[in-house]
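Please read all numbers here as calculations on a predicted model, not as lab measurements. Throughout, a chain's letter reflects where its sequence line sits, starting with A, and its residues are numbered from 1.
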Protein chains: 2
Amino acid sequence: MDTKRLKEEFVDFLKKHHQKITKSRLELLDIIANYKKHFEIEELVTYIQRTKKLASRATIYRTIKLLMDFGVIKEIIKQNNKTIYEFCPSESHHDHLICTSCNKIIEFLNEDIEKLQEEICKSHKFLPTHHRLEIFGLCKECQKKLHIKEK
Amino acid sequence: MDTKRLKEEFVDFLKKHHQKITKSRLELLDIIANYKKHFEIEELVTYIQRTKKLASRATIYRTIKLLMDFGVIKEIIKQNNKTIYEFCPSESHHDHLICTSCNKIIEFLNEDIEKLQEEICKSHKFLPTHHRLEIFGLCKECQKKLHIKEK
DNA sequence: TTCTATGCAAAAATTTTGCATGTCG
DNA sequence: CGACATGCAAAATTTTTGCATAGAA
């Protein structure tokens with residue numbers, strides 16, 4: 001993935017928030033953008049420390065928080081107290097179908113649902129910043145594996 | 001809350017899953033049903049151990065897993081890596097508006113959104129078991145406090 | 001030069017587990 | 001009686017933090 005543009009925006013973001021522009025921060029953005037789309041932090045820490053020796057666990061945690069504020073990382077949660085993070089550059093919001101058997105994550109976007117959410121917020125005078133919709137269940141393949149008949 | 005019926009169903013559930021019916025399990029269901037609707041586990045542990053001395057932390061954690069399988073507890077997550085659990089007897093599914101300033105949780109249910117979700121699952125041949133929709137933002141009161149003008 | 005970021009290791013917070021003992025069926 | 005549940009404390013997991021040092025503005 002080409003992250004040149006994204007890095008520039010991140011630099012602006014850091015300046016605006018009076019934070020320093022460091023090698024770690026920019027390279028972490030780069031690494032994460034080119035790593036798996038969905039990841040757990042510890043897995044990422046292991047990967048980074050094995051391959052690049054770029055940043056410590058503490059810095060990775062701290063930078064991920066920054067990147068969440070910046071808006072390119074979101075947390076989506078799955079069962080078992082595991083937190084899965086998603087790299088998600090801003091344009092492409094979407095929601096998730098999560099298979100509880102094979103842990104596959106399927107993305108979808110439905111404009112009607114998005115619109116309905118806006119209406120709900122309006123009716124509660126709630127000012128939304130972001131949202132998360134997760135549907136848990138069994139994917140097509142796992143239904144077959146488990147011999148579940150379609151209705 | 002009257003939990004007689006719920007307890008009977010829980011007993012059936014335990015039998016069906018070849019698990020034992022114990023005092024701890026039944027009383028924990030009772031306590032949780034009458035505790036706050038939204039809670040963190042540690043807070044619950046403290047409460048139970050202060051007031052009733054009924055079960056150990058380990059048993060509480062284990063029983064909550066059981067109750068999640070049984071279906072009366074769901075986990076909804078909020079920011080800051082805190083996991084909020086919700087007691088939610090089966091009939092009353094709903095989703096959440098979560099205020100990121102005062103942490104208030106507002107429940108809502110929108111049938112159209114529910115229907116659209118079913119359609120999405122169908123089109124992916126996905127067999128849903130449950131879902132979770134969380135909209136984060138600022139509640140009416142916090143917008144006022146923070147002097148945010150309505151559009 | 002000044003202030004913030006980083007690394008390290010220790011601490012905190014949260015959840016799970018092994019094992020001896022108690023309880024249910 | 002046999003199998004499973006419980007309590008305890010220890011371990012595992014995940015995340016945060018204090019402080020000395022390095023690096024950016």
Side-chain angles (χ1 to χ4, degrees), chain A residues 7-8 10-32 38-50 52-70 73-85, chain B residues 7-8 10-32 38-50 52-70 73-85:
Chain A
K7 278 187 188 167
E8 287 166 8
F10 190 38
V11 167
D12 290 345
F13 172 87
L14 290 172
K15 281 184 187 159
K16 210 171 90 189
H17 290 76
H18 309 98
Q19 303 239 337
K20 290 186 175 165
I21 290 135
T22 66
K23 194 187 161 205
S24 298
R25 288 176 172 173
L26 292 181
E27 292 215 2
L28 278 175
L29 173 55
D30 205 42
I31 290 173
I32 291 171
H38 302 110
F39 60 91
E40 288 171 57
I41 295 193
E42 277 307 308
E43 176 200 287
L44 180 70
V45 169
T46 307
Y47 168 74
I48 288 175
Q49 301 202 328
R50 228 182 253 157
K52 326 250 173 176
K53 278 238 162 238
L54 174 69
S56 69
R57 162 172 288 103
T59 297
I60 294 172
Y61 271 90
R62 291 189 272 231
T63 304
I64 283 181
K65 287 211 165 158
L66 264 183
L67 290 172
M68 289 178 72
D69 289 342
F70 176 47
I73 288 182
K74 301 201 175 76
E75 55 176 10
I76 62 178
I77 200 185
K78 260 191 356 190
Q79 285 139 325
N80 301 16
N81 311 306
K82 295 244 168 198
T83 306
I84 306 286
Y85 289 84
Chain B
K7 277 186 187 167
E8 288 165 9
F10 190 39
V11 167
D12 291 345
F13 171 88
L14 290 172
K15 281 185 188 159
K16 209 170 90 187
H17 290 76
H18 309 97
Q19 303 238 331
K20 291 188 174 162
I21 291 134
T22 67
K23 195 187 160 207
S24 297
R25 288 175 173 175
L26 293 182
E27 294 217 0
L28 278 175
L29 172 55
D30 205 41
I31 289 172
I32 291 171
H38 302 111
F39 60 92
E40 286 172 56
I41 295 193
E42 277 306 308
E43 176 200 285
L44 181 70
V45 169
T46 306
Y47 169 73
I48 289 175
Q49 301 201 327
R50 229 182 252 158
K52 327 250 173 179
K53 276 237 161 243
L54 175 69
S56 68
R57 162 172 288 103
T59 298
I60 294 173
Y61 271 90
R62 289 189 273 232
T63 304
I64 283 182
K65 287 212 164 156
L66 264 182
L67 291 172
M68 289 178 72
D69 289 342
F70 176 47
I73 288 181
K74 301 200 174 78
E75 54 176 11
I76 61 178
I77 201 189
K78 263 193 350 191
Q79 286 142 321
N80 301 17
N81 311 306
K82 295 243 167 198
T83 305
I84 307 286
Y85 290 83

**Student:** In residues 10-17 of chain B, what residues come within less than 4.0 Å of DNA chain D, judged by heavy atoms?
**Tutor:**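 Heavy-atom contacts with DNA chain D come from no residue of residues 10-17 of chain B; none.
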**Student:** Heavy atoms only, 4.0 Å cut-off, all strands: where does B:Arg62 land among base, sugar-phosphate and nothing?
**Tutor:** base
**Student:** Once you round it to whole Å, what is the distance between P of D:dT15 and CG of A:Leu66?
**Tutor:**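 After rounding, the reported distance stands at 17 Å.
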**Student:** So does B:Ser56 get a side-chain nitrogen or oxygen closer than 4.0 Å to the phosphate oxygens (OP1/OP2) of D:dC8?
**Tutor:** no
**Student:** Can you find a side chain N or O atom of B:Arg57 that sits less than 4.0 Å from OP1 or OP2 on D:dG7?
**Tutor:**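 No.
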**Student:** Where the side chain of B:Thr83 is defined as all heavy atoms beyond and including C-beta, which of C:dC3, C:dT15, D:dG2 is the nearest nucleotide?
**Tutor:**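 Closest of the options to the side chain of B:Thr83: C:dT15.
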**Student:** Could you tell me the separation between the CD1 atom of A:Ile21 and the P atom of C:dT6, rounded to a whole number of Å?
**Tutor:**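 Value for this atom pair: 12 Å.
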**Student:** State, to 0.1 Å, how close B:Phe10 and B:Leu67 come at their nearest heavy-atom pair, and which atoms those are.
**Tutor:**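 Taking B:Phe10 first and B:Leu67 second, the nearest heavy atoms are CZ-CD2, 3.6 Å.
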**Student:** Determine yes or no for a side-chain-to-main-chain donor-acceptor pair under 3.5 angstrom, with B:Glu27 supplying the side chain and B:Leu54 the backbone.
**Tutor:**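 Side chain of B:Glu27 to backbone of B:Leu54: no pair is present.
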**Student:** Taking B:Arg25 for the side chain and B:Lys20 for the main chain, is one N or O donor matched with an acceptor at less than 3.5 Å?
**Tutor:** yes
**Student:** For A:Ile60 and C:dC8, give me the distance from atom CD1 to atom C1', rounded to whole Å.
**Tutor:**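 In whole Å, C:dC8 C1' lies 14 Å from A:Ile60 CD1.
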**Student:** Please work out if A:Lys53 contacts a base, only the sugar-phosphate, or nothing of the nucleic acid, heavy-atom cut-off 4.0 Å.
**Tutor:** nothing
**Student:** Taking only side-chain nitrogens and oxygens of A:Tyr61, does any of them come within less than 4.0 Å of OP1 or OP2 of D:dT15?
**Tutor:** yes
**Student:** Shortest non-hydrogen contact from A:Leu66 to A:Phe13?
**Tutor:** O-CE2, 4.1 Å
**Student:** For the side chain of B:Gln49 and the backbone of B:Ala55, is there at least one donor-acceptor N/O pair under 3.5 Å apart?
**Tutor:** yes
**Student:** Between B:Leu44 (CG) and C:dT15 (C1'), how many Å, whole number?
**Tutor:**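 Whole-Å distance recorded here is 14 Å.
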**Student:** Tell me the interatomic distance from B:Lys23, atom NZ, to D:dG7, atom C1', rounded to whole angstroms.
**Tutor:** 15 Å
**Student:** Nearest whole angstrom, please: distance from the P of C:dA5 to the CG of A:Leu29.
**Tutor:** 17 Å
**Student:** Closest approach to the side chain of A:Tyr85, judged atom by atom: which nucleotide of C:dT14, D:dT15, C:dT15 is it?
**Tutor:** D:dT15
**Student:** Just compare C:dG7, D:dA24, D:dG7 and give me whichever is closest to any side-chain atom of B:Ala58.
**Tutor:** D:dG7
**Student:** At under 4.0 Å between heavy atoms, what does A:Leu54 touch on the DNA or RNA strands: base, sugar-phosphate, or nothing?
**Tutor:**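 Sugar-phosphate only.
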**Student:** Would you say that B:Tyr85 contacts B:Ile32 through its side chain, given a criterion of any heavy-atom pair below 4.5 Å between the two side chains?
**Tutor:**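 B:Tyr85 vs B:Ile32: side chains apart.
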**Student:** Tell me whether the OP1 or OP2 atom of C:dA5 has a side-chain N or O from A:Gln19 closer than 4.0 Å.
**Tutor:** yes
**Student:** Whether the side chain of A:Thr46 engages the backbone of A:Glu42 through a donor-acceptor N/O pair (distance < 3.5 Å, no angle test) should be reported.
**Tutor:** yes
**Student:** Take atom CE of A:Met68 and atom P of D:dT16, then tell me their distance rounded to the nearest Å.
**Tutor:**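 It works out to 10 Å between those atoms.
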**Student:** Measure across A:Glu75 and A:Met68 and return the closest heavy-atom pair with its distance rounded to 0.1 Å.
**Tutor:** CG-CE, 3.9 Å
**Student:** Below 4.0 angstrom from OP1 or OP2 of D:dA24, is there any side-chain N or O of A:Arg25?
**Tutor:**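 A:Arg25 to D:dA24 OP1/OP2: no side-chain N or O under 4.0 Å.
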**Student:** How many Å lie between NZ on B:Lys65 and P on C:dT15, as a whole number?
**Tutor:** 9 Å
**Student:** Which part of the nucleic acid, if any, lies within reach of B:Glu42 when heavy atoms closer than 4.0 Å are counted: base, sugar-phosphate only, or nothing?
**Tutor:** base
**Student:** For A:Thr22 and B:Thr59, find the nucleotide of DNA chain D closest to each by heavy atoms; which residue's nucleotide sits nearer the 5' end?
**Tutor:**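 First, find each residue's nearest nucleotide; the 5'-ward one identifies B:Thr59.
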